[in-house]
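The sequence lines fix the lettering, A, B, ..., with proteins before strands; numbering per chain opens at 1.
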Protein chains: 2
Amino acid sequence: MARSGQPRVLLVEDEPAQRTVLAYNLEAEGFAVTQADNGEDAMVLVEEEDPDIIILDWMMPKVSGIEVCRRLKMRPETRGIPIIMLSARAEEVDRIRGLETGADDYVIKPYSVLELMARARAQLRRVRPSTAGVVLEHEDIRLDPESHRVYRGDKVLKLGPTEFKLLVTLMERPGRVFSREQLLDLVWGRDIYVDTRTVDVHVGRLRKSLMQYGGSDPVRTVRGAGYALG
Amino acid sequence: MARSGQPRVLLVEDEPAQRTVLAYNLEAEGFAVTQADNGEDAMVLVEEEDPDIIILDWMMPKVSGIEVCRRLKMRPETRGIPIIMLSARAEEVDRIRGLETGADDYVIKPYSVLELMARARAQLRRVRPSTAGVVLEHEDIRLDPESHRVYRGDKVLKLGPTEFKLLVTLMERPGRVFSREQLLDLVWGRDIYVDTRTVDVHVGRLRKSLMQYGGSDPVRTVRGAGYALG
DNA sequence: CAGGGCTGTTACACTTCTGTCGCATAGGCT
DNA sequence: AGCCTATGCGACAGAAGTGTAACAGCCCTG
C-alpha cells in the first residue's frame, strides 16, 4: 500500500518526560506521533493506527518492549513494520538479544535525539519505497528503488552508491530545489560532517553518469540555492 | 512569519574567551550573533531579538542554562526555537537528559567548532525547512519558492539570487510599500552594512529581469518612501 | 597484498553576481 | 521657471558561486 503524507510513528516509552521530548522532536520532524506508555496499549495501537514505524523502549512495566517486539515480529501482518529499540544498557548482550527478537535497529540511551531521528528516517526509507513498489520517473529517467537500477531511455545506467541516493532524493520531488545542506542531510545523513562542496562534486559525478550515453543534463543548478531535477 | 536573510543566533556563555571565539565562528558562518553572558539577559534577549536558534552553556551564574532552557520550552511562543546545550563533561549530558529540559541537541566540551556549526545548521534546517508549498501570485507573475522558479505568463524568468529574494519579499505582501531599510533587513539580513542605494540598483535589475520578455513594470516606486508591487 | 572502485578534499579556472560610483533624468516645491 | 533632491542606469572591479580535474585515503575483492 502506497501511503503518502506524514509518516506515522508509534512511540512506546513509559517515562513521561522522555516520551514528551521525543514526541516533540518527532513531530517537528514531520512524523504523526501516537504515544503509548506500556506494552499492552502498544499492541492495541499497532492495530488501530497501523504505524509506519515503531520506537520502543526496552524496559517497561507489564509487557516489556522486547516482548512487544517479539510478538509483532511473529505476526505476518505486523512483521514488516520497522522497530527501533531504545535501551538503557549498553552491554553487547542486550544488543544481540534485541536484534534476535527482530528489532530493526537499536539505540542506546543516552542517545542523541538527532541520531534517533536519522535512524528512524533511515528505517522508513528502507521500508517505504520497496513496499510501495514505486518506480520513480522523471522525463526519460526511470529509477527502480527495489532493484537499485536506473534507466535512461532503454539503457541501464551505472551509478555509484552516493550518486544513486542523490538521484533518489532528487527524483522523490522533481523540480524542488534542495540546498547543499539539505542534500547532505538526506543523502549523507544528518550527523555526518562533510564539506558542502562535496555535494557539488557528487552532483557533477551524477550528471556525468546520467549523460554517459548522451542526452541532456537533467539536473538544474540554482545559483545561491542548490540543485533540482528538471 | 517567513524570514529571510541571515539566521539569528543567541549565544549564551559566561566565559568571555569561549564566547568570543564562538561568536567569531558563527559570524563567519553567516549567523547574526547576539551575545549574553548570563541567563537573565538571555531571557530578555530572546524576547527582543527573536532568535532562530539558541546556543546555551549549561553552567552559568544566576540563572543556569538548564533553567533557561526549561523556561523557554515551557512557553508556547518560544518552544519552537531550537536550543543547543553546551556541557563540560560527557557525564553531565546524561544528567541533563535525565532532567529532560527539552534541549534539541547537546554538544560536549571540548567540542569541535565545526561540529557545533554543523549541528546549529542542522537544527535550523529542521525548524525552517521551506516556505510551505505555496505559490505566490501577483497579476501575471507566479513565483514558486520550492522550485525557485519565476514565471511571467508562460515564460520562465531568469533572476539572480538577490533579485529572487527581493521579489519573494515584495510578493509576500503585494501593494505594501517597503522602505529601503526594510528591504535591506529582509533581503540582505539584519546587520549587513550596505548602502541603501544598493537597493535601488537591485530593484532596477529586478525590473529588467521581470520585463525581459516584455510586459509592464510591476514595481512601483514611491518617492521618498520605497518600493511596492502593484 | 595489489588493484580497483568509491569517497572527500583541494585547487584552479571560469562565470555570474554584487556593491559602489558617477552622471543623467524625473519629480516636487517655491 | 529654477532649484533641489530622489531615483534610474550604465560601467566596473572585486567577490562569490560553481564545474571539474587531480589526489590521497579507504574499503573491498580477488
Subject >> A:Gly175 backbone acceptor or donor facing A:Arg220 side chain under 3.5 Å >> reply: yes
**OP:** Quickly work out the B:Lys165 NZ to D:dG17 C1' distance and round it to whole Å.
**Re:** 13 Å
Original post:
Using the ring of each side chain (for Trp, its six-membered ring), is A:His202 parallel, tilted or perpendicular to A:Trp188, with breaks at 30° and 60°?
Top reply: perpendicular
Subject >> Sequence neighbours excluded - salt bridge (Lys or Arg N to Asp or Glu O under 4.0 Å) pairs with any residue from residues 199-218 of chain A >> reply: A:Arg180-A:Asp200, A:Arg197-A:Asp200, A:Arg207-A:Asp217
**OP:** Taking heavy atoms of chain A and a 4.0 Å limit, find me the 5'-most and 3'-most nucleotide of DNA chain C within that range.
**Re:** C:dC6 to C:dC17
**OP:** Sequence neighbours left out, what passes side chain to side chain donor-acceptor pair (under 3.5 Å) with B:Asp195? Give chain and number order.
**Re:** none
Original post:
To the nearest 10 degrees, what angle separates the axes at the start and end of the helix from C:dC1-D:dG30 to C:dT30-D:dA1, five pairs each?
Top reply: 30°
Subject >> Side-chain donor or acceptor of A:Thr78 paired with backbone N/O of A:Leu72 under 3.5 Å >> reply: yes
Subject >> Separation between CD1 of A:Ile53 and CD1 of A:Ile84, rounded to the nearest 0.5 Å >> reply: 4.0 Å
Subject >> With A:Val150, the side-chain contact (heavy atoms from CB on, under 4.5 Å) member among A:Asp144, A:Val156, A:Val168, A:Leu143 >> reply: A:Leu143
Original post:
Would you say the side-chain atoms of A:Gln212 pair up with the backbone N or O of A:Leu157, donor to acceptor, closer than 3.5 Å?
Top reply: no
Subject >> Close approaches to DNA chain C from residues 201-227 of chain B, in residue order (heavy atom, under 4.0 Å) >> reply: B:Val201, B:His202, B:Arg205, B:Arg223
Original post:
Knowing that exactly one of A:His138, A:Arg173, A:Glu139 qualifies, which makes a side-chain contact (heavy atoms from CB on, under 4.5 Å) with A:Leu229?
Top reply: A:His138
Original post:
Ignoring hydrogens and angles, does a donor from either the side chain of A:Arg197 or the base of D:dG17 sit under 3.5 Å from an acceptor on the other?
Top reply: no
Original post:
Residues in salt bridge (charged side-chain N to carboxylate O under 4.0 Å, His left out) with A:Arg142, at least two apart?
Top reply: none
